[in-house]
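On a predicted model such as this, the values are computed, not experimentally measured, just so you know.
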Amino acid sequence: MEQRVKMEHMGGHLSTQLKGLDQALCGGIPFGVLTELVGPAGIGKTQFCLKLALLASLPASCGGLDGRVIYIDVESKFSSTRLIEIGVKSFPEIFHTKGLAQEMAGRILVLRPTSLSEFTESLQQIKISLLQNQVKLLIIDSMAALVSGEHVQGATRQHLLGWHISFIKSLAEFSRIPVVVTNQVRSQSRDEICQYSFQAHSRQKTVEDYKGHDSHLVPALGIHWAHAVTIRLVLDAKSGKRFIKLAKSPVSPPLAFPFNITSSGISLLTDDGIELTGPEINTIHCQGHSDIIHFDGERLQYRDA
């Protein structure tokens, strides 16, 4: 309840243009809090981020935020070509106007820190930019890659991560804009299966439930990060189908939406979410998933985390 009141105080959402997901989130990606996208490599996290960056830069008359975007591109997966393709397919009336595609792309500032320490040094400048440059969206793709690149473990890693969690949350709160962070996955030990307080099952039962799943994958950044994010969207694949799972939200029960990736970006196959219960809420599958994306009779492969 406290978190919900806080969200209402912050006010505002960035529409994802995915009707079912927007309805579940009461309007889209909320302002003033952290939204996490987590899933295996190639599942569509960067595709989702590119679409959000585009939407934030669009004029308000087209459902956008008419602002600038700071995009932290840790693994060099941002593609301006793909961004414009999504724009042309999604908003042809805008992107066929001479010069407008370049103007939209020019509103997105892409930063590529090569280490967590370099990222840390840039955070204060990012804070100033959020105040001075009409920035309406901050994307970090991916936080897990930044942390893993430091080659530190245990208490040192948790200290580094804890400082960044606090600072990024403060950026979201004081600037009152949506902050979207992607997270990778790693293998899970049995000792971790019941760490999440929102898994209301006994340890023994949960371990047994997981025996039948195709993988034991969990978000890479751990339990402290899980509690820091307000919205968690899990992108995974099972039996060859991709799903966006709304795994954590103060305004919606856990839901799953099947989706495809097309030339216009991520597209839901149905706006009716499938309600999730038990360990399936947080289970991350990568079964039957291929990096090859099919559309328009072509076979294209996007580099995506």
Side-chain angles (χ1 to χ4, degrees), residues 3 7 10-18 21-22 24-39 43-58 63-65 67-75 77-79 82-83 86 107-113 119 122-123 126-127 129-130 135-147 164-165 167-185 219-221 225-226 228-235 244-252 257 259 261 265-266 304-305:
Q3 189 68 271
M7 286 176 63
M10 295 298 180
H13 297 81
L14 169 60
S15 171
T16 67
Q17 300 289 303
L18 303 174
L21 184 59
D22 280 348
L25 291 172
C26 298
I29 306 299
F31 292 4
V33 297
L34 299 187
T35 295
E36 175 195 42
L37 304 178
V38 60
I43 194 65
K45 300 188 299 295
T46 297
Q47 299 295 315
F48 201 119
C49 289
L50 289 172
K51 186 66 172 282
L52 291 179
L54 174 67
L55 291 169
S57 67
L58 285 176
L65 299 181
R68 298 183 180 276
V69 176
I70 296 179
Y71 195 116
I72 313 297
D73 182 27
V74 179
E75 299 178 287
K77 293 178 179 177
F78 179 90
S79 168
R82 175 62 175 146
L83 180 81
I86 292 173
R107 292 184 176 186
I108 302 170
L109 173 63
V110 180
L111 302 177
R112 292 190 171 99
F119 173 64
S122 67
L123 281 177
I126 290 173
K127 187 172 184 178
S129 294
L130 292 178
V135 174
K136 297 297 179 69
L137 173 65
L138 171 63
I139 294 173
I140 304 173
D141 184 19
S142 76
M143 189 67 200
L146 277 169
V147 175
H164 286 86
I165 289 172
F167 197 94
I168 295 168
K169 283 188 70 174
S170 73
L171 286 180
E173 291 169 3
F174 98 86
S175 62
R176 298 189 180 183
I177 64 170
V179 175
V180 177
V181 183
T182 68
N183 190 1
Q184 299 169 346
V185 296
L221 292 178
W225 178 263
V229 301
T230 299
I231 305 294
R232 167 170 279 178
L233 298 175
V234 175
L235 281 69
I244 298 174
K245 296 195 295 191
L246 179 52
K248 182 182 180 185
S249 167
V251 297
S252 173
F257 298 89
F259 75 95
I261 300 177
I266 285 179
D304 192 316

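Across all their heavy atoms, L14 and F31 have their closest contact at N-CE1, 3.6 Å. Contact detail for V69 and A56: the closest heavy-atom pair is CG2-CB, 3.7 Å. Here the closest non-hydrogen pair linking G265 and I86 is N-CG1, 4.2 Å. Considering every non-hydrogen atom in both K45 and V38, the closest pair reads CD-C, 3.8 Å. In plain terms, the two heavy atoms of G39 and V185 that are nearest each other are C-CG1, 3.7 Å. When all heavy atoms are compared, the tightest approach of A172 to L34 is CB-CD2, 4.3 Å.
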Yes or no on side-chain contact (heavy atoms from CB on, under 4.5 Å) for T35 and T230, after CA distance, side-chain angles and deciding distance? CA-CA 6 Å; T35 295; T230 299; over 6 Å; no

Could you go through H164 and K169, starting from their C-alpha distance and side-chain angles, then the distance that decides it, and tell me whether this counts as side-chain contact (heavy atoms from CB on, under 4.5 Å)? CA-CA 8 Å; H164 286 86; K169 283 188 70 174; over 6 Å; no

One pair to check against side-chain contact (heavy atoms from CB on, under 4.5 Å): F119 and M143. What are the steps and the verdict? CA-CA 10 Å; F119 173 64; M143 189 67 200; 4.2 Å; yes

Mind running side-chain contact (heavy atoms from CB on, under 4.5 Å) on T46 and T182 for me, showing each step along the way? CA-CA 8 Å; T46 297; T182 68; 5.9 Å; no

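Between I140 and the choices I126, D73, L111, V181, the side-chain contact (heavy atoms from CB on, under 4.5 Å) rule is met once, by V181. Each of L138, L137, L233 was evaluated against V180; a single residue qualifies, L137, per the side-chain contact (heavy atoms from CB on, under 4.5 Å) test.
Note that SG of C26 is 6.0 Å distant from NE2 of H13, once rounded to the nearest 0.5 Å. Annotation: the span from F257 atom CZ to I244 atom CD1 amounts to 8.5 Å, rounded to 0.5 Å. The CG atom of L235 sits 8.0 Å away from atom CD1 of I261, with the distance rounded to the nearest 0.5 Å. The OG atom of S129 sits 7.0 Å away from atom CG of L109, with the distance rounded to the nearest 0.5 Å. Atom CZ of residue R82 and atom NZ of residue K77 lie 15.0 Å apart, to the nearest 0.5 angstrom. Here CG of L21 is found 14.5 Å from NZ of K245. Values are rounded to the nearest 0.5 Å.
For K136, there are no side chain to side chain donor-acceptor pair (under 3.5 Å) partners at least two apart in sequence or on another chain. The salt bridge (Lys or Arg N to Asp or Glu O under 4.0 Å) search around D22 returns none, not counting sequence neighbours.
A 4.5 Å side-chain heavy-atom check between L130 and L171 finds at least one atom pair inside the cut-off. A 4.5 Å side-chain heavy-atom check between W225 and N183 finds at least one atom pair inside the cut-off. With contacts defined as side-chain heavy-atom distances shorter than 4.5 Å, the pair L25/L246 qualifies. Looking only at side-chain heavy atoms (C-beta outward), I70 and I108 stay at 4.5 Å or farther from each other. No side-chain heavy atom of K51 sits less than 4.5 Å from a side-chain heavy atom of I266. With a 4.5 Å cut-off on side-chain heavy atoms, I72 and P113 count as touching. Using a 4.5 Å cut-off on side-chain heavy atoms (C-beta onward), S15 and L55 make no contact. Looking at heavy atoms from C-beta onward, L52 lies out of side-chain contact with L50 at the 4.5 angstrom threshold.
Cation-pi geometry between K127 and F174 is met: the NZ or CZ atom falls under 6.0 Å from the ring centre, inside 45° of the normal.
In this structure, R232 contributes its side chain and E36 its backbone to no donor-acceptor pair below 3.5 Å. For S252 (side chain) and S249 (main-chain N/O), no donor-acceptor pair under 3.5 Å exists by modelled atom type.
The aromatic rings of F78 and Y71 lie perpendicular to each other, with more than 60° between the two planes, well past the 30° mark.
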